[in-house]
Each structure stands twice: as C-alpha cells, then as structure tokens.
Amino acid sequence: MTTVSVLVAIYNVEKYLNKCLSSLKNQTIQDIEIICVDDGSTDSSGKICEEYACVDSRFRVIHQENKGLVRARKRALKEAMGEYICFVDGDDYVDETFCEKMLELIQGYNVDFVSTGYYIEDKVVHNKNNMLLKLDDESRKELVAEQIGISFKYDVATSIWSKIFKAEFIRKCYERVPDYQSFGEDLLCAIHCFLEAKCMLISDLVNYHYVVRKDSLTHRSFREMVTNELSLVKEISNILDKTQEIASYEKMLDYRVKQQVAFFLKSDCEKRYVVQLYELEDMTKLLGKKIVLYGAGIIGQDYYTQLSKYPQIEIVAWIDKCTEKYKFEFFEVQRIDHIHSIEFDIVLICVNNENVAQEMIRTLSDMGIDREKILWCKPKKVFENSEL
C-alpha cells in the first residue's frame, strides 16, 4: 500500500504548475503517489500533468469536465491508495522533505491529522510550537470558534493544504462538504475535522509555500460578498445543528455575520457601498501581514471592507483621532496611542488628502513608529465620477 497520497486539484494554473509538480517529483521519500485532477482546464495544465506522468510512474492524471474544486478533490480522494493524505494546490509548491516530515509527524504521534505552518512570500504563518491535543468538548469549541473568527488560542490554519490526514478520516470529513461549495470550503472541512477527530497535532513545521497570484486578487461585488458569507454561515449552522451544538455557537455565528457583513447592511451605507469606491494599488504588499488602519472615514471604511475579504490579511487595529465619531458594530475604532500595545507589520494611512496623510505620518513618527512600517498611497477612485 502506498504510504502517502498527494492530491492536486488543477484548473488553469499553467504558469505555476511546473514548479508545483517538480517539488513533488523531488520528494525525499519514494513511497508516494501524486494524483493530479485536471478539472477541465482550458490552458496547457492538463498537458503538463501528462508530461510528468510519462517520466514518473508515481504521477496519476485524471481529466474531467469542470466540476469545481470540491468535486475535483473528492474524485482524487476516491482514487487515492495512500494510508495518509496531503493536499497541494496546483499554484503552490512544497519543500523536498514535505512528505517525509509530514509522515514522521502523523506516524510518530499517531493522530488523526497534523496541522502545520506555511510560507506566504517567505513570511511564516501559523507555526505555533508543537501541541498534541486530545480533543474534548472545550477544545473542539475553541477550535471551531477560531475558524469562525472569534478566538486565536491555537492558531490553526483553515487551509486543507497545510496538513496531513489519515486517509479514512479525511474521506469521511471531506465527503460532508457540499459539492456546490465554492466559498469557504476549507473552513467547512476544518470544522468537520475538529468535530470528528479524537486527537490532532499542531506543529511548528513549515514546509509549504503558498503562492500569491496577482491575477486571483479580484474584488467581489457587494451582493456577491454578502451572499457568499451568509451562505457559508448557513452551512456552518447546518454542521453544528446536526451535532446538537448549535445553541452554544449561535452567538459566535452572529458575531461573525456582524463582523463580516454588518457594515454593508447598514442602511445609511448600503447605497454608497454597492460597489467598491477606492482601489488599493498593490494588495500583494499586504498579504500575510498584520495591518493597522489609521483613519476611519469613508476611505478607511472602504479599505476595511476590501481587506476583510482576504484570509491572508489580519486587521489587528483601527485607529483614529476622533474615536467618538466612529462607532461600528463590527470593529472598534480606538485611540492612536493604542498602537503601542499591539503587534503589527504595517500602518495603512486611509485618507485622500496628501497634506493630511503627511501630517498623520509625522504623528506616527513622533510616536516612535518606524517609517518603513507606514504606508500611504493616493487612493484611486474606481469610478472617476464618484461623488465621494
């Protein structure tokens, strides 16, 4: 029996696929299989997969019409022969010891799954010290709360691709993810895993490289964001309701909804934010970073809604000189001196006027904030005829 099956769902990633598959071909252990599911790619992704299969018998390629990520992964799980399962996205890559080290951890600790850290543009994310968890009601609730966005105790990534699972365990959990799910599918799988697992390991191992694709950073419309979020919360509720745990999680889910979409639903803002008003020039600079927003006016509110869409960005504080003017249900705007009590990577200045921005920068510099951590770019209107 093959020891590790690596499952790669692929759709139109020809620019990145060679690096991904080469990293799997060069693994330090041989007893693995790499199952590539070409989910109806219209570029050369399928051909690239076949080229690897021709020179390395560990590669197996499945071509299917486009059915979406969830069904592509389920097809791979059905075909996998390994005792253990890892997932790798076709636009990412791994260290050559990825399979070996992951296998050592799950066999050494004999757990249902192992969650590790990963890299985003050479920055390490989610790599707390090794923690063996025998899951009970309290730890399950804490882990689910973390995925909902209420707690940060364990720092376990939502992603399915920074983990290794016992094969039968992940088949059981992933089968419960709806085929139609195209938003938050990894979050749903993570919740199923926490509710099903008896024991897990949180590891400080870091050997997975998440690749930021500029072409994937698209802005969703107001309606699409709200629809997706409410649909996801409904699916989470369905999961918890079936386990008779919904009552203890209702407040958490309510908080998540408020945190994610209440701003869009406020009657006095809805007309202004049906579409995005301002554009951040290069969102990739902020991925994997802890962000402080400075300025809670129209531009600050617009930036907040944009950044909140990205799980790779963490808004750790929102500050303003006039806190009494801004009382939001979804996030607390705090005084400027609060910045000294938090850990952050970037302070994003959220104003339009350059003179005002320079004054804000001077204020921060006088407070001892490193100038290299302060970012301001002239906001660019998405629609030049916007009145705001």
Side-chain angles (χ1 to χ4, degrees), residues 7 69-70 73-74 77 84-87 89 102 105-118 125-179 181 183-205 208 210 229 231-257 259-260 311-312 314:
L7 313 186
L69 177 60
V70 172
R73 285 174 171 170
K74 286 183 177 180
L77 281 167
Y84 303 98
I85 301 287
C86 291
F87 295 85
D89 280 358
M102 296 291 261
L105 288 174
I106 196 167
Q107 288 184 328
Y109 286 91
N110 190 27
V111 292
D112 292 313
F113 71 100
V114 177
S115 180
T116 71
Y118 55 91
V125 184
H126 295 292
N127 70 317
K128 286 207 168 184
N129 292 334
N130 285 352
M131 184 184 305
L132 180 63
L133 281 181
K134 293 185 177 180
L135 276 72
D136 54 19
D137 290 343
E138 182 178 351
S139 58
R140 291 180 203 279
K141 186 173 182 178
E142 194 77 36
L143 286 161
V144 171
E146 185 169 294
Q147 299 303 305
I148 293 173
I150 310 303
S151 171
F152 303 96
K153 179 178 180 179
Y154 295 113
D155 195 30
V156 176
T158 296
S159 56
I160 197 172
W161 35 254
S162 55
K163 299 173 176 63
I164 185 170
F165 306 87
K166 288 183 177 178
E168 292 310 309
F169 172 82
I170 189 58
R171 283 194 182 97
K172 184 175 183 179
C173 293
Y174 204 80
E175 186 58 36
R176 296 169 179 167
V177 179
D179 287 353
Q181 197 72 32
F183 176 81
E185 63 279 347
D186 279 11
L187 188 154
L188 297 182
C189 181
I191 292 175
H192 282 301
C193 288
F194 297 140
L195 295 176
E196 185 70 26
K198 295 181 174 60
C199 54
M200 62 173 289
L201 176 70
I202 303 170
S203 172
D204 59 1
L205 177 67
Y208 189 102
Y210 175 84
E229 182 59 36
S231 175
L232 178 61
V233 169
K234 181 180 178 181
E235 291 297 338
I236 296 171
S237 297
N238 290 340
I239 296 170
L240 300 175
D241 190 40
K242 291 175 182 177
T243 60
Q244 299 180 340
E245 291 288 338
I246 189 62
S248 62
Y249 290 106
E250 280 180 345
K251 289 184 179 179
M252 294 183 190
L253 292 171
D254 287 345
Y255 180 83
R256 178 184 172 92
V257 171
Q259 184 183 50
Q260 297 293 99
Q312 309 98 318
E314 182 180 0

Please answer whether the main-chain N or O of [Y] pairs with a side-chain N or O of [X] as donor and acceptor at a distance below 3.5 Å.
X	Y	value
Glu142	Tyr154	no
Asn130	Asp204	yes
Lys74	Val177	yes
Gln181	Leu69	no
Asp186	Thr158	no
Ser115	Ile202	no
Lys153	Ser139	no
Arg176	Leu188	no

Lys/Arg N to Asp/Glu carboxylate O, Lys141 vs Glu138, below 4.0 Å: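 Between Glu138 and Lys141 there is no salt bridge, as every charged N stays at least 4.0 Å from the carboxylate O atoms.
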Determine, for Asp89 against Arg73, whether the closest basic-nitrogen to carboxylate-oxygen distance falls under 4.0 angstrom. yes
How long is the span from the [atom1] atom in [X] to the [atom2] atom in [Y], to the nearest 0.5 Å?
X	Y	atom1	atom2	answer
Leu187	Glu235	CG	CD	11.5 Å
Ile191	Ile236	CD1	CD1	4.5 Å
Lys198	Phe169	NZ	CZ	9.0 Å
Lys163	Phe87	NZ	CZ	11.0 Å
Leu135	Leu143	CG	CG	6.0 Å

Compare all side-chain heavy atoms of [X] with those of [Y] and state whether any distance is below 4.5 angstrom.
X	Y	value
Asn110	Cys199	no
Leu205	Met102	yes
Lys166	Asp112	yes

Locate the shortest heavy-atom distance separating Ser159 from Tyr118; write the atom from each residue and the value.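 For Ser159 versus Tyr118, the nearest heavy atoms are OG-CE2, 4.0 Å.
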Using side-chain contact (heavy atoms from CB on, under 4.5 Å), reason through Phe194 and Val156 one step at a time and then give a plain yes or no. CA-CA 11 Å; Phe194 297 140; Val156 176; 3.9 Å; yes
Can you name the residues that form a ring-ring contact (aromatic ring centres under 6.0 Å, His included) with Tyr208, not counting sequence neighbours?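 ring-ring contact (aromatic ring centres under 6.0 Å, His included) check on Tyr208 returns Trp161.
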